[in-house]
Amino acid sequence: MQRVNSLKSKLLSIAGRACLIQSVGSSIATYVAASDVIPKSIARKVDKELRDFWWEDTNKKRTIRTISWNSLCHPKLRGCLVFRKVETINQAFLMKFGWKALMDNQSIWGRIVQEKYLKHKHFMDIECLCGDSGLWKAIVKTRSLLSEGLCRRIGNERNGIVHGRDRSNLKELILNLNRRISEHRLVATGDVVEVCVWTPSLVSWLCYNCDVAMSEDGSVVATVVRDENGSILTGKAENKLVTDPKIAEAHAVCLAADLSVERKMGKVIFQSDNLRVVNAFSAEFEGAADFNLVNLRRRFLSICSALNEWKIVHVPRMGNFMAHNIAKWACTTGVVGNTHLASLDRNVLNDYVEWRKHAG
């Protein structure tokens, strides 16, 4: 309280007072709030001193307060100043203890709480006893707030693996979902014709399907080559230190172009399920291409100058699973380079089903 009273509001502007309350005033009670229960009377007295400092109130002078203190404590997104009430700070720390009691049974604090208070019961189901400490009773009272954001998880990761479901990358799942939604929108507007099956290329043309699999360290790009009859000729995968899926898709098309020149192919169709890459690489003018793909577009066109004829077309994800499966298989096994078809899982070479390691 003495520290709050020592602040000189008259010497500071409105911005200075706000900064001082946020950096010093709101943190005065943090040390105590992090380890004990602050009585409501003390918390309200500290808040009153901070309010008086903000409004420049003294015992001799009282100002008209045009906005409530609760409103000033709202987030900046609501146009407020993010002041924090001592009681709210204390409650947040108590909820942290409650979460720890609910989840942590390995630390020293967690083991003590288990033996003294929980006694192998669930935190959300126990009742306070007369002999319990005031801190523990306050922690238990936070359950009503904790329960608003809690949910019970049925099963665990082991069950998922046993039943044939691998550890899925959340970022990759969201990416695939957004990409599929974009494809459906394009089909609905007539910009892209939905193709549910892979179709062979023209006579004397080879088809290079391209796709990627994202990993924690970057990505794996892959391509698979088929002739006019749909027979698989070869495949190839490479690691790339690229975390942007769009850039990785462009690298996959460049890999396919390199492979086609290496094998001295004459007429080639490149297929990718990323419409932005297809539009950038097939754009008549560089200025019409995606800015982030300009350099890779130049590289792709330079490689393709050695081919007799070439095309790049968009194919929906449903008809491009084989290239994606090879990339995912290489990412999982760590085997990159030219693909030996005999060493692949039989489900990898499938156009319509995504390969999963634990699917058998």
Side-chain angles (χ1 to χ4, degrees), residues 157 160-161 164-186 192 198 208-225 234-259 270-281 289-297 299-300 312-339 343-345 347-360:
E157 187 179 20
I161 296 174
R165 187 175 68 253
D166 62 347
R167 299 178 178 87
S168 299
N169 187 313
L170 180 60
K171 183 178 179 181
E172 185 178 353
L173 290 175
I174 295 173
L175 170 65
N176 292 338
L177 179 60
N178 289 335
R179 183 161 50 181
R180 191 59 182 159
I181 291 172
S182 298
E183 290 175 0
H184 281 296
R185 286 176 177 171
L186 291 170
V192 173
W198 182 87
Y208 283 66
N209 286 83
C210 317
D211 210 343
V212 304
M214 305 306 296
S215 65
E216 295 180 357
D217 302 323
S219 56
V220 176
V221 301
T223 183
V224 58
V225 187
T234 186
K236 190 174 183 179
E238 284 185 358
N239 287 315
K240 294 291 180 183
L241 296 176
V242 177
T243 56
D244 186 332
K246 177 178 64 177
I247 304 298
E249 294 272 8
H251 276 288
V253 178
C254 290
L255 170 66
D258 280 328
L259 184 60
F270 301 103
Q271 292 187 346
S272 171
D273 56 21
N274 191 300
L275 190 60
R276 291 185 179 180
V277 173
V278 173
N279 289 340
F281 283 14
D290 188 316
F291 175 78
N292 295 319
L293 299 174
V294 168
N295 289 333
L296 287 168
R297 177 182 184 274
R299 177 188 166 194
F300 173 73
I312 180 168
V313 297
H314 175 263
V315 60
R317 182 68 180 274
M318 186 62 71
N320 202 43
F321 267 128
M322 189 181 298
H324 176 72
N325 289 343
I326 291 178
K328 193 173 181 180
W329 176 85
C331 182
T332 303
T333 61
V335 179
V336 294
N338 291 321
T339 304
S343 64
L344 295 177
D345 186 317
N347 293 320
V348 172
L349 302 178
N350 193 318
D351 274 315
Y352 314 113
V353 178
E354 184 173 5
W355 174 77
R356 294 181 180 276
K357 183 178 180 181
H358 298 284

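When reading the values below, keep in mind they use all heavy atoms of this one structure, side chains included, and skip hydrogens, waters and symmetry mates. Only a predicted model underlies this, so the values are computations on that prediction, with no experimental measurement involved.
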Evaluate the side-chain proximity of [Y] to [X]: yes if any heavy-atom separation is below 4.5 Å, no if none is.
X	Y	answer
E249	D273	yes
C210	L255	no
N274	V212	no

Side-chain donor or acceptor of [X] paired with backbone N/O of [Y] under 3.5 Å:
X	Y	value
H314	Q271	no
S219	V242	yes
T223	N209	yes

ring-ring contact (aromatic ring centres under 6.0 Å, His included) with F300: which residues, sequence neighbours excluded?
-> F270, F281, W310
For [X] against [Y], the heavy-atom pair lying closest together:
X	Y	result
V253	S272	CG2-CB, 4.1 Å
L296	C254	O-SG, 3.7 Å
V220	N239	CG2-OD1, 3.3 Å
A280	R297	O-NE, 2.8 Å

Interatomic distance, K328 atom NZ to T333 atom OG1 [nearest 0.5 angstrom] = 12.5 Å
Residues in side-chain hydrogen bond (donor to acceptor under 3.5 Å, both in side chains) contact with K246, at least two apart in sequence or another chain |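 Result, side-chain hydrogen bond (donor to acceptor under 3.5 Å, both in side chains) vs K246: D290.
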Residues forming a side-chain hydrogen bond (donor to acceptor under 3.5 Å, both in side chains) with D258, sequence neighbours excluded | R299
